[in-house]
Enquirer: 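This is the structure I have questions about; it appears just below.
Position 1 is the first residue of the sequence; numbering continues from there.
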Amino acid sequence: MQIAINNLQEINDAARKFIQEMGNNKVFAFYGSMGAGKTTFIKAICEEMGVTETVSSPTFALINEYRDKKSRPIFHFDFYRINKLEEAFDFGYEDYFYSGNLCFIEWPELVESILPDTAVKIAIRVTDEGGRIVEKQ
């Protein structure tokens with residue numbers, strides 16, 4: 001899977017393409033530099049899935065929970081500010097990662113050792129022209 005986003009006006013189309021490619025996978029680990037657009041892309045995916053709550057980075061809370069149009073939970077993680085792996089154990093990451101519900105994870109490199117084997121690794125990179133490439137690693 002490789003999705004090009006040339007400008008912000010294309011992000012919802014890209015999110016729809018991503019959703020079509022998700023298959024039965026539930027855990028998605030989003031890799032990318034600061035400012036690459038991880039949160040913005042996850043927000044677009046959630047909007048396309050019918051989330052009506054405000055989607056924002058859970059940088060300080062570590063996790064936000066949203067509901068899709070069928071009221072199914074979607075868990076959004078941001079591990080940027082995690083200081084040690086034990087913090088993930090403290091909030092019971094297993095209950096989320098293995099719940100069978102969608103999990104979108106930002107800064108997964110900080111918790112890679114506890115990601116499920118089935119986690120889909122997604123890279124978001126900035127192009128020279130300022131667009132984005134979203135691709136499965």
Enquirer: Are Thr40 and Lys43 close enough that some pair of their side-chain heavy atoms sits under 4.5 Å apart?
Expert: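 They are not in contact (no side-chain heavy atoms under 4.5 Å apart), so the answer is no.
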Enquirer: Taking the six-membered ring where the residue is Trp, are the ring centres of Tyr93 and Phe75 under 6.0 Å apart?
Expert: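 Aromatic pair excluded; centres sit 6.0 Å or further apart.
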Enquirer: Indicate the atoms forming the closest heavy-atom contact of Ala123 with Gln137, along with that distance.
Expert: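 Closest approach of Ala123 to Gln137, heavy atoms only: CB-NE2, 3.5 Å.
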Enquirer: Would you find a donor on one side and an acceptor on the other, under 3.5 Å apart, between the side chain of Arg132 and the backbone of Ala36?
Expert: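 Confirmed, Arg132 side chain pairs with Ala36 backbone.
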Enquirer: Report yes or no: does Lys26 contribute a side-chain atom to a donor-acceptor pair with the main-chain N or O of Tyr98 at less than 3.5 Å?
Expert: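 Absent.
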Enquirer: Of Ser56, Pro108, Pro58, which meets side chain to side chain contact (heavy atoms under 4.5 Å, CB included) against Asp78?
Expert: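 Of the listed residues Ser56, Pro108, Pro58, the side chain to side chain contact (heavy atoms under 4.5 Å, CB included) partner of Asp78 is Pro58.
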Enquirer: Mind checking whether Phe77 and Phe91 have side chains closer than 4.5 Å, heavy atoms only?
Expert: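 Sidechains of Phe91 and Phe77: in contact.
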Enquirer: With the side chain counted from C-beta on, respond yes when Met1 and Lys17 share a heavy-atom pair under 4.5 Å apart, and no when they do not.
Expert: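 No, too far: nothing below the 4.5 Å cut-off.
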Enquirer: Within the structure provided, determine whether Tyr96 and Val27 are in side-chain contact (heavy-atom separation under 4.5 Å).
Expert: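 Answer no - side chains too far apart.
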Enquirer: Kindly give the heavy-atom pair with the smallest separation between Ile45 and Ile19, and that separation in Å.
Expert: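 So the two residues come closest at O-CD1, 3.7 Å.
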Enquirer: Taking all atoms of both residues into account, what is the closest heavy-atom pair of Ile82 and Ala88, and its distance?
Expert: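 Result for this residue pair: CD1-N, 3.8 Å.
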Enquirer: Please check if the distance between the ring centroids of Phe18 and Phe41 is under 6.0 Å.
Expert: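 Ring centroids of Phe18 and Phe41 are less than 6.0 Å from each other.
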Enquirer: Should the heavy atoms of other residues, nucleotides or ligands under 6.0 Å from OH of Tyr80 be counted, would the total exceed 12?
Expert: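 Atom OH in Tyr80 is not packed in, count stays at 12 or less.
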Enquirer: I'd like to know if the side chain of Arg81 and the backbone of Phe79 have a donor-acceptor N/O pair within less than 3.5 Å.
Expert: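 Flag not set: sc Arg81 to bb Phe79 has no pair under 3.5 Å.
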Enquirer: Between atom NZ of Lys136 and atom CG of Asn25, what is the distance when rounded to the nearest 0.5 Å?
Expert: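 Interatomic distance, Lys136 NZ to Asn25 CG, rounded to 0.5 Å: 6.5 Å.
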Enquirer: Donor-acceptor pair, Lys38 side chain versus Gly32 backbone, under 3.5 Å?
Expert: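 Confirmed, Lys38 side chain pairs with Gly32 backbone.
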Enquirer: Is there side-chain contact between Glu129 and Asn6, with heavy atoms separated by less than 4.5 Å?
Expert: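 No, side chains not in contact.
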Enquirer: Which heavy atom of His76 sits nearest to which heavy atom of Ser57, and what is that distance?
Expert: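 Result for this residue pair: CE1-CA, 4.1 Å.
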